[in-house]
Participant: 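Dumping the structure here so I can ask a few things about it.
Just follow the structure's listing: the first ligand is 1, and inside any ligand the first atom is 1.
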Amino acid sequence: MRYEAPESLDTAVALLAGARGDARVLAGGTDLLVQMRADVLDPELIVDIKNIPETRAVAQEKGGWRVGAAVTGAELKENAALRKAWPGVVEAANLIGSTQIQGRATMGGNLCNGSPAADSVPALIAAGAVATVAGPKGRRDIPVEDVMLGPRRLSLAKGEFIVSFFLPPRPKGSGDAYLRFIPRTEMDIAVVGAGVNLTVDGKGVITTARVSLGAVAAKVLLVPAAAQAIVGSSLDRPAQDRLEAAARAACQPIDDKRGTVEFRTQVAGVLTRRAALIAIERAKEN
Ligand SMILES: Cc1cc2nc3c(=O)[nH]c(=O)nc-3n(C[C@H](O)[C@H](O)[C@H](O)COP(=O)(O)OP(=O)(O)OC[C@H]3O[C@@H](n4cnc5c(N)ncnc54)[C@H](O)[C@@H]3O)c2cc1C
C-alpha cells in the first residue's frame, strides 16, 4: 500500500486518477481505517487530503459558508458564527461518534462512506448544501442529495473527490435542526435521522422548507412532499400531522436488529415533527 499526502488539489486528482488498483481518499480515517483493519478494504493507494488548504478551510462566501470537506466536527463546533448560521448542520456533525471521533471525523468522509445512516448528511441535504468536487475534468458542483446513489455507491467518477461544501446564504427568519434516534445514548448509528431547514416570514408563516431523512431507505432522502406539507403554515397541529404523514410515506426502511420497518417509519414521522418544531423556533429568533 502506498500513502501520499499531497498539498495541492491537482496532485491529489492526478494520484487518484492514475492509480491502477483501488485508490481511497483519507480524511479522518474513522471509517476507512476501521474497514481496512477489518479487511473490508485493501486499497493500493491512500491519498490523505488534509494537507490541501481548500479541504481544511471554513469561510464565509457570497453570503453563505464554504466548509472544507476535511474539516472535523470538533472544528465546526468551535466556529461560533457558523454554529449560529447553521446550528442543525454543526450539531449533526457533532453527533458522530464520541469526542475522540469528532476530533477526526469529517462531513466529507461521512458522506463518501456511503452509509444511509450517516448523521451529517440529512442536515446537509436539508440545508441545500452543494458539494464541490475536483477531478480529472476540473471542478463541478453536485447537490449533496445527488452524491450518494445507494449503500457504498457514489456518483463520483474515478479521480474525483469532494473538496468542500457550500451552505447557501440564510434569509432572515431561517432555522435548521437535526435529530436522530439511536438505541443507546451514544456511539451507535442512527435508526432514523431527520433534518429540517425552513424560513418564516414576519408573521411566522413558513415560506420555504427542506426536509431530509436518514436510515429509512437505501440512501439519505430529500423529501419534497414533507416540505410542501408545511410551507404556507405556521406549523400548527394540522401542518405537523401532514408533515408526519409525508415523512412516513417516504420511508422504505429495512428490518434489522435496531428497528423494524414499522418502528422506523413511526419514528421518522415523530423526529421530523420535533426537528421542524426546533427549526421554526430558531427561525423566529433569527
Ligand atoms: C466509534 C465510531 C463511532 C461512530 N459513530 C458514528 C455516528 O454516530 N454517526 C455517523 O454518521 N458515523 C459514525 N461513525 C462513522 C464515521 O466516524 C463517520 O462516517 C465519519 O464522518 C467519517 O469521516 P472520516 O473523515 O473519518 O472519513 P474517512 O474514514 O477518512 O473516509 C470515509 C470514506 O469516505 C472517503 N472519503 C473521505 N473523504 C472524502 C472526500 N473528501 N471525497 C471523497 N471521498 C472521501 C474515504 O475514501 C472512505 O471511503 C463512527 C465511527 C466509529 C469508529
Participant: Heavy-atom contacts with Asp188 under 4.0 Å: which atoms of ligand 1 show up? List them by number with element.
Facilitator: 8 (O)
Participant: Say whether Ile189, considering both its backbone and side-chain N or O atoms, lies within less than 3.5 Å of an N or O atom on ligand 1.
Facilitator: no
Participant: Of all the atoms in ligand 1, which lie at a distance below 4.0 Å from a heavy atom belonging to Gly28?
Facilitator: 24 (P), 25 (O), 26 (O), 30 (O)
Participant: Sorted by first residue and then second, give each ring pair (Phe, Tyr, Trp, His ring centres under 6.0 Å) pair with at least one member in residues 95-146; sequence neighbours left out.
Facilitator: none
Participant: Below 3.5 angstrom, do we get any N/O pair linking Gly97 and ligand 1?
Facilitator: yes
Participant: Does atom 18 (C) of ligand 1 have a protein non-hydrogen atom under 4.0 Å from it?
Facilitator: yes
Participant: Out of Ser98, Gly68, Cys112, whose heavy atom sits nearest atom 44 (N) of ligand 1?
Facilitator: Cys112
Participant: Look at atom CD of Gln252 and say whether more than 12 heavy atoms of other residues, nucleotides or ligands are closer to it than 6.0 Å.
Facilitator: no
Participant: Suppose we measure from atom 49 (O) of ligand 1 to each protein heavy atom; which comes out shortest, and what is that distance?
Facilitator: Arg24 NH1, 3.6 Å
Participant: Quick one: does any side-chain atom of Arg258 pair with a main-chain N or O of Val191 as donor and acceptor, under 3.5 Å?
Facilitator: no
Participant: Which option wins on minimum heavy-atom distance to atom 21 (O) of ligand 1: Leu156, Thr106, Leu154?
Facilitator: Thr106
Participant: Could you tell me whether ligand 1 has any atom less than 4.0 Å away from a heavy atom of Arg180?
Facilitator: yes
Participant: When you measure from atom 41 (N) of ligand 1 to every protein heavy atom, which one gives the shortest distance, and what is it?
Facilitator: Ile162 O, 2.9 Å
Participant: Between Arg83 (side chain) and Lys77 (backbone), is there a donor-acceptor pair under 3.5 Å?
Facilitator: yes
Participant: With atoms numbered from 1 as shown, which atoms in ligand 1 lie under 4.0 angstrom from a non-hydrogen atom of Phe161?
Facilitator: 42 (N), 43 (C)
Participant: Less than 4.0 Å between a side-chain N and a carboxylate O, is that true for Glu91 and Arg282?
Facilitator: yes
Participant: Any atom of ligand 1 sitting under 4.0 Å from a heavy atom of Leu33?
Facilitator: no
Participant: Pull out every atom of ligand 1 sitting under 4.0 Å from any heavy atom of Ile49, numbered as shown with elements.
Facilitator: 41 (N)
Participant: Under a 3.5 Å distance rule, please check whether Glu4 uses its side chain to pair with a backbone N or O of Val47 as donor and acceptor.
Facilitator: no
Participant: Given Leu111, Val25, Ile96, Leu32, identify the one with the heavy atom nearest to atom 47 (O) of ligand 1.
Facilitator: Val25
Participant: Of the non-hydrogen atoms in Cys251 and Ala247, which two are nearest, and what is the gap between them?
Facilitator: SG-O, 3.3 Å
Participant: Just by distance, with hydrogens left out, do Arg66 and Thr132 show a side-chain donor and acceptor under 3.5 Å apart?
Facilitator: yes
Participant: Among protein heavy atoms, which lies nearest atom 1 (C) of ligand 1, and at what distance?
Facilitator: Met187 CE, 3.4 Å
Participant: Just go through Ala118, Gly29, Ala69, Ala105 and tell me whose heavy atom is the nearest to atom 30 (O) of ligand 1.
Facilitator: Gly29
Participant: Do Asn286 side-chain atoms and Ser174 backbone N/O form a donor-acceptor pair below 3.5 Å?
Facilitator: yes
Participant: Please check this pair: side chain of Ser155 against backbone of Val147, looking for a donor-acceptor N/O pair closer than 3.5 Å.
Facilitator: yes
Participant: Among protein heavy atoms, which sits nearest to atom 53 (C) of ligand 1, and what does the distance come to when rounded to 0.1 Å?
Facilitator: Thr30 O, 3.5 Å
Participant: Please say whether Asn110 places an N or O atom under 3.5 Å from an N or O atom belonging to ligand 1.
Facilitator: yes
Participant: Restricting to pairs with a member in residues 243-286, which pass ring pair (Phe, Tyr, Trp, His ring centres under 6.0 Å), not counting sequence neighbours?
Facilitator: Phe181-Phe263
Participant: Closest non-hydrogen protein atom to atom 52 (C) of ligand 1, residue and atom name please, with distance?
Facilitator: Ile101 CD1, 3.8 Å
Participant: Leu95 heavy atoms, cut-off 4.0 Å: which ligand 1 atoms fall inside?
Facilitator: 8 (O)
Participant: Can you confirm, on distance only, whether ligand 1 has an N/O atom lying under 3.5 Å from any N/O atom belonging to Val34?
Facilitator: no
Participant: Please report the shortest heavy-atom distance between Ala69 and Thr106, naming the atom on each side.
Facilitator: O-CB, 3.2 Å
Participant: So which protein heavy atom does atom 15 (C) of ligand 1 come closest to, and at what separation?
Facilitator: Asp31 OD1, 3.2 Å
Participant: Considering non-hydrogen atoms only, spot the tightest contact between Asp119 and Ala92 and give its length.
Facilitator: O-CB, 3.6 Å
Participant: Considering only the protein, which heavy-atom contact is closest to atom 31 (O) of ligand 1, and what is its distance?
Facilitator: Gly109 CA, 4.0 Å
Participant: Do Val71 and Val144 sit in the same hydrophobic cluster, where Ile, Leu, Val, Met, Phe, Trp and Tyr count as joined when their side-chain heavy atoms come under 4.5 Å apart?
Facilitator: yes
Participant: Hey, is ligand 1 close enough to Asp119 that some N/O pair sits below 3.5 Å?
Facilitator: yes
